[in-house]
Amino acid sequence: MLVLIPSDVGCEGTSLFHWAARTNNSFSLKSEIPRKFWNCLAPINRALVHNLRMNEMNQGARAARRNQHWMKIHEAAVLLVLEKGLAATTVDSIAAEAEVSRRSFFNYFPTKEDAVLGTRAPWLPEADWEEFVSSKLEVLPRTAKLLAAVLNTSTQAGEGFRRRREMVRAFPELRRRTHVHVQAAEQLVADALIERLKPHQAALLAHELPHDPGAQHALVLLAGTITRYAFTEDPEEFANDWQSAVVRASAMFSSLLDPPVR
């Protein structure tokens, strides 16, 4: 890396690269570089650290503002639907109630149904993918946990989860939108099993994962059935500890698919 030494910190206006070239030296350790260069780098390093901290603070502030706007639109959508019904509520009326533009609405929600439900397009978290690859669980509960993790990215847990369930109960037509997100999550997991497994990872899982694309698709669909069962069996437990709920549901399905010999 080329590190410039500015003259306004009492240095020579040169660089470590130029110093090495001029003295025909190579360097990799701090002790190999004259002390004056490190003294000159100190204020630069402090400035870099300050800038990084400021960037983190700014990113945190932007994220907080975005969450506030997201919640404001969601709250407006729920209020209007409860007052007027789903059919009579429009994107324009939600935007007006939330005091945002129509364009801003679509920056947060793709449809009015998503605004009412508080949902967004699912995505595959890297941490959950790494857990799937390294997990000691059998392939069925492992896949069900991965799918549930992807589904959770499209929703809010806790009170948001409970409100969404109540809204679907009051307006069954919202269920179609939840199915869209479920299908998108299943597709993300199916694509990951085919495209994201590196050769050495695939080799480690070769004795568990099916190689046939049709069998892989069946695995994901079965994982989706397990996740839905875990949710419908005890919605409150699923909201509070979805991982344990999915593992228990997987154990039940495994016992049905491979019953013990009597």
Side-chain angles (χ1 to χ4, degrees), residues 110-111 113-114 116-158 160-169 171-197 201-202 205 207-259:
T111 68
E113 289 80 8
D114 283 306
V116 175
L117 292 167
T119 51
R120 66 201 84 188
W123 52 283
L124 176 57
E126 195 63 32
D128 291 298
W129 173 251
E130 292 299 329
E131 182 180 347
F132 167 82
V133 173
S134 60
S135 174
K136 302 301 181 184
L137 292 173
E138 294 182 354
V139 66
L140 185 55
R142 185 189 308 186
T143 306
K145 279 187 64 178
L146 179 63
L147 177 58
V150 173
L151 282 169
N152 281 341
T153 64
S154 70
T155 63
Q156 275 193 318
F161 171 85
R162 295 177 180 87
R163 171 185 284 181
R164 184 172 58 259
R165 187 174 45 152
E166 292 170 1
M167 294 301 293
V168 171
R169 189 174 297 162
F171 303 95
E173 56 268 41
L174 289 171
R175 199 178 304 277
R176 289 194 297 269
R177 190 60 190 169
T178 65
H179 290 166
V180 169
H181 291 304
V182 170
Q183 291 172 352
E186 290 175 343
Q187 190 62 54
L188 282 171
V189 173
D191 291 343
L193 293 179
I194 296 172
E195 299 172 2
R196 293 197 59 182
L197 278 177
Q201 293 171 335
L205 300 175
H207 65 290
E208 297 182 73
L209 285 176
H211 298 286
D212 179 71
Q216 291 177 345
H217 182 61
L219 171 64
V220 175
L221 291 179
L222 184 56
T225 301
I226 291 171
T227 303
R228 283 189 288 273
Y229 172 81
F231 166 71
T232 56
E233 186 70 9
D234 192 340
E236 284 298 320
E237 181 189 16
F238 192 89
N240 295 327
D241 187 4
W242 63 267
Q243 296 194 40
S244 298
V246 168
V247 170
R248 278 194 291 273
S250 298
M252 177 175 291
F253 273 76
S254 295
S255 66
L256 292 173
L257 294 171
D258 187 18

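In this structure, Ala185 and Pro122 approach most closely via the heavy-atom pair N-CG, 3.9 Å. Nearest approach of Leu151 to Thr227, heavy atoms of both residues: CD1-CG2, 3.9 Å. The two atoms that bring Asp128 and Leu146 nearest to each other are O-CD1, 3.7 Å, heavy atoms only. Here the closest non-hydrogen pair linking Ala249 and Ala230 is CB-CB, 3.9 Å. Ser250 approaches Ile226 most closely through the heavy-atom pair OG-CG2, 3.5 Å. The two residues Val182 and Arg228 make their nearest non-hydrogen contact at CG1-NH1, 3.4 Å.
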*Where do Leu140 and Leu257 land on the side-chain contact (heavy atoms from CB on, under 4.5 Å) test, with the steps shown first?*
CA-CA 11 Å; Leu140 185 55; Leu257 294 171; 4.2 Å; yes
*asked:* For Phe238 and Thr232: C-alpha separation, side-chain torsions, deciding distance, then whether side-chain contact (heavy atoms from CB on, under 4.5 Å) applies.
replied: CA-CA 9 Å; Phe238 192 89; Thr232 56; over 6 Å; no
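In this structure, the side chain to side chain donor-acceptor pair (under 3.5 Å) partners of Asp114, at least two apart in sequence or on a different chain, are Thr111, Thr119, Arg177, His181.
Atom-to-atom distance recorded for His179:NE2 and Glu186:CD is 10.0 Å, nearest 0.5 angstrom. For the atom pair Thr153 OG1 and Leu188 CG, the distance stands at 7.5 Å (nearest 0.5 Å). Going from atom CD of Glu130 over to atom OG of Ser135 covers 12.5 Å, rounded to the nearest 0.5 Å. Between Leu219 atom CG and Arg142 atom CZ the span is 10.5 Å, to the nearest 0.5 Å. The structure places CD of Gln183 at 10.0 Å from CG of Leu221, a figure rounded to the nearest 0.5 Å. Atom CG of Asn152 is separated from atom CH2 of Trp123 by 11.0 Å, given to the nearest 0.5 angstrom.
Salt-bridge annotation for Arg176 and Glu113: absent, with no side-chain N of the basic residue lying under 4.0 Å from a carboxylate O of the acidic one.
In this structure a side-chain-to-backbone donor-acceptor pair under 3.5 Å is missing from Ser154 to Val150. Checked by atom type and distance alone, the side chain of Arg164 never pairs as donor or acceptor with a backbone atom of Thr155 at under 3.5 Å.
A parallel orientation is assigned to the rings of Phe132 and Trp129, their planes being inclined by less than 30° (bins at 30° and 60°).
The side-chain heavy atoms of Phe171 and Val116, taken from C-beta on, include no pair separated by under 4.5 Å.
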